[in-house]
There are 2 protein chains.
Amino acid sequence: MSELESQAHATLDAVARRAGVSLATASRALNGTTRVREDLRCRVRAAADQLGYIPNAHAQALASASNNTVGLICHDVGDPYFAAIADGVMRAAAEKDLLVMLASTFREPAREIAYVSTLRAQRARAILLIGSGFQDRTWERALAAELEPYVRAGGRVAVVSRHRSLRVDAVLPENRGGASALARALLDLGHREFAVLTGPPSLTTVSDRLAGFRAELARAGVTLPPERIVHGPFTREGGYTAARALLARGERPTCVFAVTDVMAVGALAAFREQGVRVPEDISLAGFDDIPLVRELSPPLTTVALPLTAMGQEVMALALREPRGPRSRVLRMGGEVVLRASVAPPLCDVPVRCQ
Amino acid sequence: MSELESQAHATLDAVARRAGVSLATASRALNGTTRVREDLRCRVRAAADQLGYIPNAHAQALASASNNTVGLICHDVGDPYFAAIADGVMRAAAEKDLLVMLASTFREPAREIAYVSTLRAQRARAILLIGSGFQDRTWERALAAELEPYVRAGGRVAVVSRHRSLRVDAVLPENRGGASALARALLDLGHREFAVLTGPPSLTTVSDRLAGFRAELARAGVTLPPERIVHGPFTREGGYTAARALLARGERPTCVFAVTDVMAVGALAAFREQGVRVPEDISLAGFDDIPLVRELSPPLTTVALPLTAMGQEVMALALREPRGPRSRVLRMGGEVVLRASVAPPLCDVPVRCQ
DNA sequence: GCGCTTTCTGAAAGCGTTTTCCCTCAGAGG
DNA sequence: CCTCTGAGGGAAAACGCTTTCAGAAAGCGC
């Protein structure tokens, strides 16, 4: 607009002119791609400094058909689960000198697809998708349709905890095994009356954790009646509401498994509000081991996932040279961390008491 | 590399050719900048769809000298404080159709400056700096030197909670007033023996909160002896260590103020570990009102900051047309939220007891 | 002194868009 | 029937870089 206000950026051309060399030499001197006589290199450097030259990344990307940005798509950076994974991704990016474009879908599938498209336009070197896919099969298909040409054009895609229908490299939490191990531990404590607070049933994250948990119960001859399974969104409020609903139904299990820690946090609040003591009245366990659950009282028993490491690994996976058509899958975590939120059931329940 | 593997992106040229129009028309048809005959527009659209055309954002940015990316620099996305603000920024970005490039400095000043440089190269429309600056005056100066030509070239800069030495638009938490109000509330409860767990003293966030707190105590004739002030990093561990140090010194205040909630979380853990009950033995208060402090038991008394809104506002500030040379400052938050982590001091302390 | 490498350097051709400038053509007005 | 206007379309010039392709200069053995 006004004359003085915007002062254009110095271009490489200006640098070259000032250093008394050609454009090509200036480019080479600055990038060090080819040998350039030392004195010329110095002159160019000096000229660049004096002019405050900052290369135009867009021009570079356009000319060299390469760039060092990656896209990170998650549902909600405010959620500690995603924040922890994003942190890992950021660490990996810093190490590899990559710039991360972050996108939060706010759990709207349309937004996710739009972001993939945007990242394609940016010619991002890789796209990282974090978190469970959407219930709707249609969306998952649309997403795959958007991703496929990207991959064909040389883009890399890697995901954390997505539905396997996307045939891409993936970091998968040890959902089934972890949930089984947790069930085992809870059974060992003497619990027989379980309830589960869970997310949208069509997500593999949910179904795997549920299946693992159930399988282990079944092995011990314990069943999980449908009225003891409450669905809700993967949020604190979801957990809160689900726990309230459970209590409102008059269900009094000795142990509640929330399929994510975030839901467990909500459940804990609900229990507290209703005067249900944890673990004396009800034992509570979660999944993920987000940092905050250690700070609760009682600290939450959960299945640990190395979230930051998972973030780093998904980046590594995306950057690794593809070896073939088969997608690589890295399973991580799954260890039970016993904390004070679980205890043996009270003796008025007709099971052995330790 | 291999022949089949990479399949180049369709270009606008290809779209134009297929639609039987010129490059210019194709561009206009897709962007809708000028009127284009309806049938041609359709033909272009169809051709673009068939070819799976995705415009090259770099070429667009280069040609139009504009783009819609903004840079977000924070210390650590994994920290709930930054995560919450980042969430607000993401919301604002989604609304305005901006792409956010995220950078975590991991609290290394050099990295921060490098990121500003990178974002300048990307010709980001705005740069958002979140969180306290670094102690070292040299770094702050270097940062300003990097930012200044960016602003002169038309870039926008806005910060949350940075040192005022950066003359840019800013969202500032009501540090002083909030801390004063908190002190007032604690005094009203009857406390006279205070301790403070605090961060690096050169940060204004720290000094303002400390000053506000102190001023209010002074007004009540209460002093804060230096041995009751413990410094540490702005992390959970910092709070933990500081609290341990305080106890190790044999100090037994009736009330502890941690200048950030994250530190308070660490302090709470330390107290619990040492058998110090909160609030019976020591009242504990924090600052920020990060979501997790509501889940603690006891829930933490704190000074509320609307973190997500602050993230939204800093974006709004960065995007707003500059009105003049004066930088705009938006003060937000500062209300005391009383929760169960504070209580009147026990009567064995020689003060009035409520 | 001659031809032959070996280094560097410079000119220029892209990269994929947007945008300016100009031309054409239809329709309105006389 | 002719001119004027305005709308729409095409050619080509940017945008700021990288990289190819030659050419110049310098070093070398004979």
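As the structure is a computational prediction, the values presented were derived from the model and not from experiment. Below, chains carry the letters A, B, ... as their sequence lines are ordered, and counting in each starts from 1. Note: hydrogens, waters and symmetry copies are ignored here, and every other heavy atom, side chains too, is used.
Residue A:R41 contributes atom CZ, which lies 15 Å from atom P of C:dT7 at whole-angstrom precision. Regarding A:H9, its NE2 atom lies at a distance of 9 Å from the P atom of D:dG16, rounded to whole Å. Spacing between atom CG of B:L62 and atom P of C:dG16 amounts to 12 Å, rounded to whole angstrom units. The interatomic distance linking A:L12 (CG) with D:dC15 (P) rounds to 14 Å, in whole Å. Between the CZ atom of B:R120 and the P atom of D:dC17 there is a distance of 13 Å, rounded to whole Å. For A:E38 and C:dC8, the CD to P distance is 10 Å, given to the nearest whole Å.
Within the 4.0 Å cut-off from OP1 or OP2 of C:dC8, at least one side-chain nitrogen or oxygen of A:R35 is found.
Between the side chains of A:T11 and A:D13, no donor-acceptor pair is found at a separation under 3.5 Å.
In this structure, the helix from C:dG1-D:dC30 to C:dG30-D:dC1 shows an angle of 50° between the axis at its start and the axis at its end, each fitted on 5 base pairs and rounded to 10°.
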Restricting both atoms to N or O, compile the protein contacts to nucleotides 10-14 of chain C shorter than 3.5 Å, with distance only.
from, atom 1, to, atom 2, distance (Å)
C:dG10, OP2, A:S22, N, 3.1
C:dG10, OP2, A:S22, OG, 3.3
C:dG10, OP2, A:T25, OG1, 2.7
C:dG10, N7, A:R28, NH2, 2.7
C:dG10, O6, A:R28, NH1, 3.3
C:dG10, O6, A:R28, NH2, 3.2

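For A:S64, the side-chain atoms get nearest to D:dT19 when compared with the rest of C:dC8, C:dT18, D:dT19.
At a threshold of 4.0 angstrom between heavy atoms, the contacts of A:T11 are confined to the sugar-phosphate backbone, with no base atom among them.
Within residues 50-60 of chain A, the residues that place at least one heavy atom under 4.0 Å from DNA chain D are, in residue-number order, A:Y53, A:P55, A:N56, A:A59, A:Q60.
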